[in-house]
Amino acid sequence: MNANLQKQESSEGFASKENPCKLKSSRYKGVVPQHNGRWGAQIYECHRRIWLGTFAGESEAAGVYDIAAQRFRGFGATTNFKKLCKSDPEGATELSFLAAHSKEEIVRMLRHHTYDEELRNSRRKNPLSGNTCWMGNSNRSHVFEFLFNKTVTPSDVGKLNRLVIPKQHAEKHFPINKDDKIPINFQDEDGKVWRFTYSYWGSSQSYVITKGWRLFVKEKGIREGDVVSFWSSSDCSDLKQYMIDIFHRPSRIDRCVPTSIEDHNHDQVPVRLFGVDISRAEATSSSPQFTMNSRIYN
């Protein structure tokens with residue numbers, strides 16, 4: 001009976017009776033046992049440990065590590081469980097949710113146990129989740145399939161008033177008429193229709209979207225590095241419908257997570273100015289902000 005209890009306590013991360021100061025290590029990557037029987041999750045970035053929070057279950061902590069690893073390491077991350085996959089609609093949604101947030105924001109969500117809620121809100125607010133979506137009402141709706149993404153270059157948002165469409169995608173998904181300009185309508189995620197001019201520039205041998213693009217850039221606040229996502233209707237219809245969406249890259253350049261979210265003792269070290277703990281005020285004012293988007297980019 002005692003042997004079984006000792007084995008159970010060790011498997012749950014409790015200290016061994018023979019050595020009360022030593023905890024049995026977890027079988028999962030990025031998971032460490034706690035003296036209170038709970039499990040902690042952590043990840044290393046730039047030779048610094050980043051604490052991801054404390055959780056009731058060992059597997060729960062392992063799942064939290066996987067989330068952080070796929071945000072920090074990308075597709076090459078080593079995970080405890082099955083990796084998120086772009087071919088799976090649910091996985092594609094979560095991957096794009098991770099990409100839409102900085103590392104610091106993801107860590108804060110995990111530590112505050114708000115990640116799942118934020119992900120659910122993103123799925124509700126963004127109809128374009130995965131490889132298919134639908135828009136419309138009960139009387140008339142269209143099913144849209146994902147076509148391709150285009151990362152915006154400096155010239156795409158410059159003075160030329162044009163967006164270059166990669167040749168392989170232009171010839172595959174859009175109508176071709178190298179001798180004339182073709183008007184194409186695109187519907188955004190809010191249901192607004194944008195009318196662009198699509199044409200072939202022989203001088204540069206490129207396919208471009210021109211007229212109407214500058215206004216779209218201005219209203220959507222598109223910048224270099226953002227991603228334009230193109231969709232088309234997949235239902236049986238004589239007139240093909242197109243949809244366009246924008247993924248805004250995070251405003252921060254994520255090289256290393258700031259030390260403000262690294263916590264060796266899991267509690268922020270107070271920083272006092274004239275007897276006032278200003279570190280708590282800074283932490284409160286810098287609460288994570290949610291960025292609504294669910295596009296995927298490579």
Side-chain angles (χ1 to χ4, degrees), residues 89 92-93 96-97 99-101 118-166 169-170 172-177 180-200 207-251 289-297:
T93 302
S96 50
F97 176 78
H101 292 79
E118 295 282 11
L119 179 60
R120 285 194 297 269
N121 289 336
S122 175
R123 285 171 174 163
R124 284 196 297 265
K125 292 179 180 180
N126 291 274
L128 300 183
S129 299
N131 296 322
T132 61
C133 70
W134 65 271
M135 288 194 68
N137 51 42
S138 57
N139 296 324
R140 184 178 182 182
S141 62
H142 296 280
V143 179
F144 289 85
E145 288 185 345
F146 173 74
L147 299 180
F148 64 95
N149 288 325
K150 169 63 165 64
T151 302
V152 176
T153 64
S155 62
D156 289 331
V157 290
K159 298 181 179 180
L160 296 178
N161 186 27
R162 62 99 177 95
L163 172 70
V164 176
I165 304 298
H169 297 308
K172 180 179 180 180
H173 301 298
F174 295 149
I176 300 176
N177 188 342
D180 198 5
K181 298 178 180 179
I182 303 174
I184 303 182
N185 293 336
F186 289 87
Q187 184 178 358
D188 64 17
E189 70 276 11
D190 297 322
K192 182 176 180 178
V193 177
W194 297 83
R195 187 177 180 85
F196 300 118
T197 297
Y198 174 68
S199 61
Y200 176 79
Y207 295 88
V208 295
I209 286 177
T210 53
K211 186 178 180 180
W213 172 247
R214 179 175 297 174
L215 180 61
F216 184 75
V217 169
K218 182 178 180 180
E219 181 164 325
K220 297 295 183 180
I222 303 175
R223 302 169 301 165
E224 173 192 354
D226 291 347
V227 175
V228 184
S229 182
F230 292 94
W231 303 67
S232 70
S233 58
S234 59
D235 51 346
C236 297
S237 175
D238 295 335
L239 182 61
K240 183 178 287 292
Q241 304 290 320
Y242 291 101
M243 179 176 284
I244 189 170
D245 195 19
I246 302 299
F247 164 70
H248 294 285
R249 67 170 183 173
S251 57
Q289 297 180 352
F290 174 71
T291 304
M292 187 192 76
N293 210 289
S294 66
R295 295 296 69 76
I296 302 174
Y297 68 98

Report the C-alpha distance between T153 and V164 in whole Å, list the side-chain angles of each, state the deciding distance to 0.1 Å, and finish with yes or no for side chain to side chain contact (heavy atoms under 4.5 Å, CB included). CA-CA 9 Å; T153 64; V164 176; over 6 Å; no
Between atom OG of S155 and atom CG of L163, what is the distance when rounded to the nearest 0.5 Å? 9.0 Å
Taking it one step at a time, do F247 and N149 satisfy side chain to side chain contact (heavy atoms under 4.5 Å, CB included)? CA-CA 10 Å; F247 164 70; N149 288 325; over 6 Å; no
Partner set under side chain to side chain donor-acceptor pair (under 3.5 Å) for T210, not counting sequence neighbours: none
Do the side chain of H248 and the main chain of K220 share a donor and acceptor less than 3.5 angstrom apart? yes
Taking only residues two or more places apart in sequence or in another chain, which ones pass salt bridge (charged side-chain N to carboxylate O under 4.0 Å, His left out) with E224? none
Mind checking what makes salt bridge (charged side-chain N to carboxylate O under 4.0 Å, His left out) contact with K159, not counting sequence neighbours? none
Set of ring-ring contact (aromatic ring centres under 6.0 Å, His included) partners for F230, sequence neighbours left out: F148, F174, F186
Note, I246 side chain near V228 side chain (heavy atom, < 4.5 Å): yes
Any donor-acceptor N/O pair, W213 side chain to V208 backbone, under 3.5 Å: no
Roughly how far, to the nearest 0.5 Å, is CD1 of I182 from OH of Y198? 7.0 Å
Ignoring hydrogens and geometry, is there a side-chain-to-backbone donor-acceptor pair from N161 to R214 under 3.5 Å? yes
Test side chain to side chain donor-acceptor pair (under 3.5 Å) applied to W194 - qualifying residues, sequence neighbours left out: D188
Is the closest side-chain heavy-atom distance between R162 and D156 below 4.5 Å? yes
Would you please test I209 and T197 for side chain to side chain contact (heavy atoms under 4.5 Å, CB included) and show each step? CA-CA 6 Å; I209 286 177; T197 297; over 6 Å; no
Geometric class of the W231/F146 ring pair [parallel <30°, tilted 30-60°, perpendicular >60°]: perpendicular
So, taking the atom named CG in L147 and the one named CD1 in I165, what distance separates them when rounded to the nearest 0.5 Å? 10.5 Å
Which label fits H173 and H169: parallel for a plane angle under 30°, tilted from 30 to 60°, or perpendicular past 60°? parallel
Closest heavy-atom contact between D226 and G221? OD2-O, 3.9 Å
As an exercise, state the distance from CG of L119 to NE2 of H101, rounded to the nearest 0.5 Å. 9.5 Å
All side chain to side chain donor-acceptor pair (under 3.5 Å) counterparts of N185, not counting sequence neighbours: R195
